[in-house]
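Have a look at the structure below before the remarks.
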Amino acid sequence: MAYKNFKKTEIIDELGIELRKVRNAKELTLAQVADALEKAGTHISSIMLGRIETGQRRIDDDLFHALCNHYNVDPDEITIKACQAHITALQQANNIADSHLNETLWIADAYDNLPPNRQADIRTMMRMFAYMDKFSKLDS
């Protein structure tokens, strides 16, 4: 699996989080892991390792397998956990989007049920808020 080919929107963040969980469970510092990998022939700095764990930097297959080997964990297990976390995050995002959609639909339905003169009042208020927002940006 080509981990370095993952897009930012895929499991890069979760993969790093899972690697950090394993490192923390083994009570290792970033510097200790970087030193151990260096001695084993895999060059990585503690800064780069930290960036991988926070999703700021992509990881290639060789480094991923070197880390898993050092941590004595199955790479597939880490990948599966990262995928599960990513799916959970996507589901939560969808639930939030659905709740916003429901709120919007409720507002639209309430607006449609108002008499025409009240709809006009709401449109006027919305224009006023838009102007206020526009002018407040000019002050800053």
Side-chain angles (χ1 to χ4, degrees):
M1 180 177 271
Y3 301 102
K4 64 184 174 186
N5 293 329
F6 282 151
K7 297 177 185 171
K8 178 73 173 141
T9 56
E10 294 178 1
I11 69 165
I12 287 296
D13 292 340
E14 291 85 358
L15 196 60
I17 290 168
E18 292 304 321
L19 288 170
R20 176 177 278 167
K21 286 178 185 176
V22 173
R23 180 180 58 78
N24 286 336
K26 297 192 177 285
E27 298 180 350
L28 297 170
T29 66
L30 292 169
Q32 289 171 328
V33 174
D35 288 343
L37 290 177
E38 186 72 36
K39 289 176 185 171
T42 302
H43 177 70
I44 185 165
S45 68
S46 59
I47 293 170
M48 187 65 65
L49 184 57
R51 288 181 179 162
I52 288 169
E53 288 184 354
T54 58
Q56 297 172 351
R57 183 76 178 197
R58 294 182 180 174
I59 186 170
D60 65 26
D61 290 339
D62 294 336
L63 179 56
F64 179 70
H65 288 282
L67 283 168
C68 289
N69 185 43
H70 179 70
Y71 296 148
N72 197 27
V73 295
D74 182 8
D76 292 338
E77 180 182 331
I78 297 292
T79 304
I80 289 168
K81 286 181 179 180
C83 288
Q84 289 170 334
H86 186 69
I87 290 168
T88 300
L90 289 175
Q91 289 171 335
Q92 289 172 347
N94 285 340
N95 289 342
I96 291 170
D98 288 346
S99 70
H100 289 306
L101 177 62
N102 288 338
E103 289 173 9
T104 304
L105 291 175
W106 177 84
I107 292 169
D109 188 47
Y111 175 82
D112 287 341
N113 291 325
L114 290 173
N117 62 331
R118 293 293 170 218
Q119 289 180 358
D121 291 343
I122 289 177
R123 287 193 302 273
T124 301
M125 287 187 337
M126 291 173 67
R127 280 193 298 276
M128 286 177 18
F129 284 123
Y131 290 134
M132 287 172 42
D133 187 48
K134 185 176 182 177
F135 289 120
S136 70
K137 290 177 184 173
L138 294 176
D139 291 336
S140 42

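All of these numbers come straight from a predicted model, not from anything done at the bench.
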**Report entry** Residues which pass side chain to side chain contact (heavy atoms under 4.5 Å, CB included) with N117, listed by chain and number, not counting sequence neighbours
**Finding:** P115

Requested in this report: State the CG-CZ distance between L63 and R58, to the nearest 0.5 angstrom.
Outcome: 14.5 Å

Query raised in the report: Of the non-hydrogen atoms in P75 and C68, which two are nearest, and what is the gap between them?
Result: CA-SG, 3.7 Å

Requested in this report: Hey, could you give me each pair passing salt bridge (Lys or Arg N to Asp or Glu O under 4.0 Å) that has a residue in residues 79-89? Not counting sequence neighbours.
Outcome: E77-K81

Report task. Calculate, to the nearest 0.5 Å, the distance between atoms CD1 and CZ belonging to I52 and F64 respectively. Result -> 11.0 Å

Query raised in the report: How would you list, by chain and number, every residue that makes a side-chain hydrogen bond (donor to acceptor under 3.5 Å, both in side chains) with R20, sequence neighbours excluded?
Result: E53

Report task. Name all pairs fulfilling the salt bridge (Lys or Arg N to Asp or Glu O under 4.0 Å) condition that reach into residues 28-37, sequence neighbours left out, sorted by first residue then second. Result -> none

Requested in this report: Could you pull out all residues at least two apart from D121 that satisfy salt bridge (charged side-chain N to carboxylate O under 4.0 Å, His left out)?
Outcome: R118

Requested in this report: Please round to the nearest 0.5 Å and tell me the distance separating atom NE2 of H86 and atom CD1 of I12.
Outcome: 10.5 Å

Query raised in the report: Between NE2 of H65 and CD1 of I59, what distance do you get to the nearest 0.5 Å?
Result: 9.0 Å

Check residues 26-33 and write down every donor-acceptor pair under 3.5 Å in which the side-chain atom is one partner and the other belongs to a residue at least two apart or another chain.
{"unit_1": "K26", "atom_1": "NZ", "unit_2": "Y71", "atom_2": "O", "d": "3.0"}
{"unit_1": "T29", "atom_1": "OG1", "unit_2": "Q32", "atom_2": "N", "d": "3.0"}
{"unit_1": "T29", "atom_1": "OG1", "unit_2": "Q32", "atom_2": "OE1", "d": "3.4"}
{"unit_1": "Q32", "atom_1": "OE1", "unit_2": "T29", "atom_2": "N", "d": "2.8"}

**Report entry** Nearest non-hydrogen partners of H70 and A36, listed with the distance
**Finding:** CE1-CB, 3.3 Å

Query - Results of side-chain hydrogen bond (donor to acceptor under 3.5 Å, both in side chains) for R123 - residues two or more places apart only - result: Y111

What pairs of donor and acceptor atoms, side-chain ones from residues 37-47 against any protein atom, are under 3.5 angstrom apart with sequence neighbours left out?
{"unit_1": "E38", "atom_1": "OE1", "unit_2": "H43", "atom_2": "ND1", "d": "2.7"}
{"unit_1": "S45", "atom_1": "OG", "unit_2": "M48", "atom_2": "N", "d": "3.0"}

Report task. Please identify each residue that fulfils side-chain hydrogen bond (donor to acceptor under 3.5 Å, both in side chains) with Q119, with sequence neighbours left out. Result -> none

**Report entry** Pairing residues for K21 by the side-chain hydrogen bond (donor to acceptor under 3.5 Å, both in side chains) criterion, not counting sequence neighbours
**Finding:** E18

Query - Between OG1 on residue T54 and CD1 on residue I17, distance to nearest 0.5 Å - result: 9.0 Å

Requested in this report: Dump the intermediate steps for side chain to side chain contact (heavy atoms under 4.5 Å, CB included) on L67 and V73, then the final yes or no.
Outcome: CA-CA 9 Å; L67 283 168; V73 295; over 6 Å; no

